[in-house]
Amino acid sequence: MDFAADRPIYMQIIEDFKRRMIRGELKTGDKIPSQREYAQMVRVNPNTVQRAYREMENMGLVETLRGQGTFVRVEEEMLMAMKKEMAEEIAERFVREMKDLGFDYEDIKMLVEKFLHKGGQSND
Amino acid sequence: MSKVGMFKNLYQKEMRCLAVDIGVTLGIIILMTVFAFSRGSLGHGYIVVPVFLMAGLAGFMPIISSFRIFSGEWNNNIIYLTLSLPVKGEMVLGSKMLAILTQYVLGTLLVALSGILLGFYMWPGFFQLLKLNYSYIPWGFYLSLYMLGIAFFTYLASLSFFSQILGRMVPRLQNLATFFIFLGLWWVIKKVDFYIAHILSLDKIFLLTPDKIWLNIFSWSFTILLIQGLLIFAAAVMVYNRKIEL
Amino acid sequence: MIEFSQVTKQYGKVKALDSISFSLSKGRIIGLFGPNGAGKSTALKLIAGLSRPDRGKVEVDGQNPQAAKSKIAYLPEVDYLYPWMTIEGAACFIKAFYPDWDEHKYKELMHFLNLEPDMKINKISKGQRSKAKLLLAVSRRASYLLLDEPLSGVDILSREEIINTLIRDYREGEQTIVIATHEIGEVENLVDEVVFVKRGKIVLKQEAEVIRQERGKSLVETMKELMKGE
């Protein structure tokens, strides 16, 4: 995994886990790599990984069982909330960037509809 | 970690660094011995001259090594390793001193051995002669002479260490500075020696017991050289501990 | 803890360090960043006790660095091993001096770094030499690990191996690593805290994550901005 160098890495680690939980790649009860394994995998300072894991524990996303490892523990409610939060972030960024390009309300709506249509076709 | 273990390790490392020097010294001595054997039948000069040359070499080479043992460390950046080790100057300089003393002793003993071998070769009755005159041979004198040689060598090597360490503190032309510091220290110490001898009126002390004059001269010279050598060595260690840096 | 108070170090007419004060707390990975000649190596040499300050004081855990040498593993930029030594020979030499030598770790790392005990220092590549130096420094469980340009002149594969080794064997909480380098791109994700040095002075000392958060910039970008005019 490559991190953006201009944003805190621990935040990006948390986001990465959240994304995988939302997509269903990680489910409650799944074991995630130990801090050291993960640090080696993504080649990041072990202290940073430790911080990300600690925050995820505080947020109630994962649980560390002594001697067994760290496990995903995410409730449906929370997953939905995360999903919504992430969708809003994407939408917000999208709208902001479109506005920066000079598109107005109608242009954006049309463009979104066009791609929704296209996407619908290819998915069918 | 034992200090002895550390010292042993440092000493072994220094001996490895001196391997070439020691090899060359011993090699030349052996070659000259072989040469003397091959020409010995032509006359005493073909044996006596090589033996003296060998003795000079055995004493002189370690002095050169005492300079090489330092410059090698600095030129190869090994000094970074040496200075980062948790040991002080007494260990670092002590191991170097012991290594070149080893070189000196090995060289001089080999010269003695080859002298004896050549003696047997030259005079078929050498062994007989030795046996007959055993009690007349002044062994004490020879031993004192050898010990005096060691004391003198230690003194010279300490002087070499000390002047090199002082030379390292000069920002530029360190080798030249070392050379002049060596000569300067030599000169100053000689002056001090004469002064001390004058104050103690050593000549008069010697004359009090004319029958033991050699023994007196030896023991006094030995003691003075050794004390001076140790003092200079201690000064070198002190400067090394306080001033040497990168 | 490493502490510099009002430290000045001069070489000839050049002030390598100009009255700097800072402290580095224990158990972290610290980047000492700046262009060549900024004073990074001098700072490391002072911590390792290879140099002494002209003015001011350097302390390691409250001790004079000269007395703290046994808890410091220092990896200079230059090749400081005897050319005739094998890796094993160098290890044998070094381990006699340090009670914290970990033979098991040494053997394991040797394998991990693709090195062989009988490789001779003067017969191996620059990358292998750098890895060998790292091997000898990391095989000790030293409280302080000081690395001076650990990646300079090293091929890309060896660079990765070196970085992986540092992450793999880092002992959180008990070990402090100081990495002095001007090539910061590769160690950007490795440091907790950054000290930017410029002409013997500290221009910024900050948590890496805080820099990213507050400036919205990478460490490389931050360095470029800080070193303008160099």
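Per chain, numbering begins at 1; letters A, B, ... match sequence-line order.
- The residue among A:Arg43, A:Arg51, A:Gln40 with the most heavy atom pairs within less than 4.5 Å of chain C is A:Arg43.
- Interface residue A:Arg7: only backbone heavy atoms are found under 4.5 Å from chain C.
- Relative ring orientation between A:Phe17 and A:Tyr53 is described as perpendicular, the plane-to-plane angle rising above 60° on a 0-90° scale split at 30° and 60°.
- Contact of C:Glu160 with chain A is made through backbone and side chain together, with heavy-atom distances under 4.5 Å.
- Residue C:Val220 does not touch chain A at all, counting heavy-atom pairs closer than 4.5 Å.
- Salt bridge status for C:Lys105 with C:Glu103: absent, with no side-chain N to carboxylate O gap under 4.0 Å.
- The pair C:Lys224-C:Glu221 counts as a salt bridge, with a side-chain nitrogen and a carboxylate oxygen less than 4.0 angstrom apart.
- Of all the listed residues (C:Ile29, C:Asp192, C:Leu190), the one sharing the greatest number of non-hydrogen pairs under 4.5 Å with chain A is C:Asp192.
- Between A:Glu89 and A:Lys84 there is no salt bridge, since none of the side-chain N atoms of the basic residue sits less than 4.0 Å from a carboxylate O of the acidic one.
- Remark: C:Arg168 engages C:Glu108 in a salt bridge, criterion side-chain N to carboxylate O under 4.0 Å.
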